[in-house]
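Structure first, then comments.
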Amino acid sequence: LFLTEKRVMERDSFESEHIKMYLEKGILYFIYQPNLFITIDIARKTVQERLTFTNGFKRPILADIRGMKRVERDAQDYLASEEACQLICALGVLTNTPIQNLFANFYLKFSKPKMPTQLFIDKEKALRWLELYKDKSQN
C-alpha cells in the first residue's frame with residue numbers, strides 16, 4: 001500500500017475509497033467520494049491521508065462536498081479540531097444543494113474551524129478566494 005501511495009503522490013494526486021486529492025497551482029483539491037457518510041473513523045483516516053499527501057506543507061484547500069451524503073456529529077467536531085486543521089491555511093467548501101449549504105453553515109457556526117473558511121457554489125469564485133491565501137502556504 002505504501003508503495004502505491006508513494007507512486008500516486010509523485011503524480012501529485014491520491015485516491016482512496018473515501019477521497020480524491022490533487023495539487024494544482026498551489027491549491028489542494030480535496031474531493032469526497034460520492035454518497036459518502038463520514039464517521040469519526042473516516043474523518044480521522046482522511047485527515048491522515050491529507051497530512052501524508054501534503055508532506056508537511058501548508059496549503060489552501062478546496063473541499064468538494066457535493067457528492068457527500070452526511071457527516072456524523074463527532075466527525076464534524078473532529079474536522080474542526082486543531083489536529084484535523086493542521087497544514088490548512090484556508091478552506092473553501094464547494095456545495096451544490098440547499099441541504100448541503102444548511103449542513104455546511106451549521107458546521108461553520110457550531111464547530112468553528114481554526115482557519116478562514118467559506119462556502120461556495122461557484123468553483124471559480126472559491127478558487128479566486130483561495131488564491132488570497134496561497135502566500136500563507138508553503139511551496
Side-chain angles (χ1 to χ4, degrees):
L1 181 62
F2 176 74
L3 291 177
T4 302
E5 288 177 2
K6 184 177 180 188
R7 189 171 59 250
V8 170
M9 285 191 301
E10 287 172 355
R11 292 193 316 257
D12 290 330
S13 67
F14 173 87
E15 185 168 354
S16 72
E17 62 187 303
H18 304 114
I19 57 168
K20 295 178 191 175
M21 287 184 284
Y22 63 94
L23 189 60
E24 187 174 285
K25 297 180 182 174
I27 294 174
L28 180 65
Y29 290 71
F30 193 94
I31 304 159
Y32 288 97
Q33 299 287 14
N35 299 313
L36 185 63
F37 173 61
I38 299 183
T39 63
I40 186 69
D41 292 334
I42 291 171
R44 285 188 175 119
K45 183 175 183 191
T46 59
V47 166
Q48 190 55 52
E49 289 168 338
R50 178 184 56 80
L51 292 172
T52 299
F53 180 75
T54 56
N55 199 27
F57 290 97
K58 194 172 195 175
R59 302 272 183 215
I61 295 178
L62 178 65
D64 186 342
I65 67 167
R66 293 178 294 181
M68 183 189 301
K69 194 155 214 125
R70 209 174 118 216
V71 183
E72 75 179 15
R73 181 66 190 167
D74 288 348
Q76 287 178 14
D77 291 342
Y78 173 74
L79 290 171
S81 72
E82 293 234 4
E83 178 183 339
C85 293
Q86 293 177 70
L87 303 179
I88 303 174
C89 55
L91 180 66
V93 180
L94 194 57
T95 67
N96 67 352
T97 68
I99 291 287
Q100 282 181 335
N101 281 333
L102 178 69
F103 283 120
N105 274 313
F106 180 81
Y107 165 76
L108 293 178
K109 185 174 182 178
F110 295 103
S111 296
K112 298 182 172 101
K114 310 290 186 241
M115 75 300 251
T117 305
Q118 280 197 21
L119 302 178
F120 296 91
I121 292 175
D122 183 309
K123 182 179 176 181
E124 295 309 312
K125 286 182 182 177
L127 291 171
R128 281 194 299 273
W129 181 76
L130 289 168
E131 285 285 330
L132 301 173
Y133 294 91
K134 280 176 54 176
D135 65 337
K136 292 178 174 60
S137 68
Q138 301 163 341
N139 297 321

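Residue numbers count from 1 along this sequence. What you see is a predicted model, and the numbers here were worked out from it, not measured in a lab.
- With a 4.5 Å cut-off on side-chain heavy atoms, Tyr29 and Leu127 count as touching.
- Considering every non-hydrogen atom in both Arg59 and Thr54, the closest pair reads CG-CG2, 4.4 Å.
- A donor-acceptor pair under 3.5 Å is formed between the side chain of Lys134 and the backbone N or O of Lys25.
- In this view, Asp122 and Glu124, Lys125 satisfy the side-chain contact (heavy atoms from CB on, under 4.5 Å) rule, not counting sequence neighbours.
- To the nearest 0.5 Å, atoms CG (Leu28) and CZ (Phe14) are separated by 11.5 Å.
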Between Ile61 and Arg50, is the side-chain contact (heavy atoms from CB on, under 4.5 Å) condition met? List the steps. CA-CA 10 Å; Ile61 295 178; Arg50 178 184 56 80; 3.4 Å; yes
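- For the atom pair Phe120 CZ and Leu94 CG, the distance stands at 9.0 Å (nearest 0.5 Å).
- Side-chain atoms of Thr46 and Phe30, non-hydrogen and from C-beta on, do get closer than 4.5 Å to each other.
- For the atom pair Ile65 CD1 and Leu36 CG, the distance stands at 11.0 Å (nearest 0.5 Å).
- Evaluation of the side-chain hydrogen bond (donor to acceptor under 3.5 Å, both in side chains) rule for Ser16 yields Glu49 as partners, not counting sequence neighbours.
- You'll find the side chain of Pro116 reaches within 4.5 Å of the side chain of Trp129, heavy atoms only.
- Here CG of Leu130 is found 9.0 Å from CD of Gln118. Values are rounded to the nearest 0.5 Å.
- Summarising the geometry, atom CE belonging to Met21 is positioned 10.0 Å from atom OH belonging to Tyr32; distances are rounded to the nearest 0.5 Å.
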List the steps and the verdict of side-chain contact (heavy atoms from CB on, under 4.5 Å) for Ile38 and His18. CA-CA 9 Å; Ile38 299 183; His18 304 114; over 6 Å; no
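- A salt bridge is absent between Lys45 and Asp41: the closest approach of a Lys/Arg side-chain nitrogen to an acidic carboxylate oxygen does not fall below 4.0 angstrom.
- Side-chain contact between Glu83 and Arg44 is absent, with no heavy-atom pair separated by less than 4.5 Å.
- In terms of modelled atom types and a separation under 3.5 Å, the side chain of Arg66 and the main chain of Ile31 share no donor-acceptor contact.
- Qualifying side-chain contact (heavy atoms from CB on, under 4.5 Å) partners for Phe37, counting only residues two or more places apart in sequence or in other chains: Thr39, Arg70, Glu72.
- For the pair Pro60 and Gly26, the tightest heavy-atom approach, listed with the atom from each and the gap, is CD-O, 3.5 Å.
- Interatomic distance, Ile88 CD1 to Met115 CE, rounded to the nearest 0.5 Å: 3.5 Å.
- Using a 4.5 Å cut-off between side-chain heavy atoms of Ile, Leu, Val, Met, Phe, Trp and Tyr, with links allowed through other members, Ile121 and Leu62 fall into different hydrophobic clusters.
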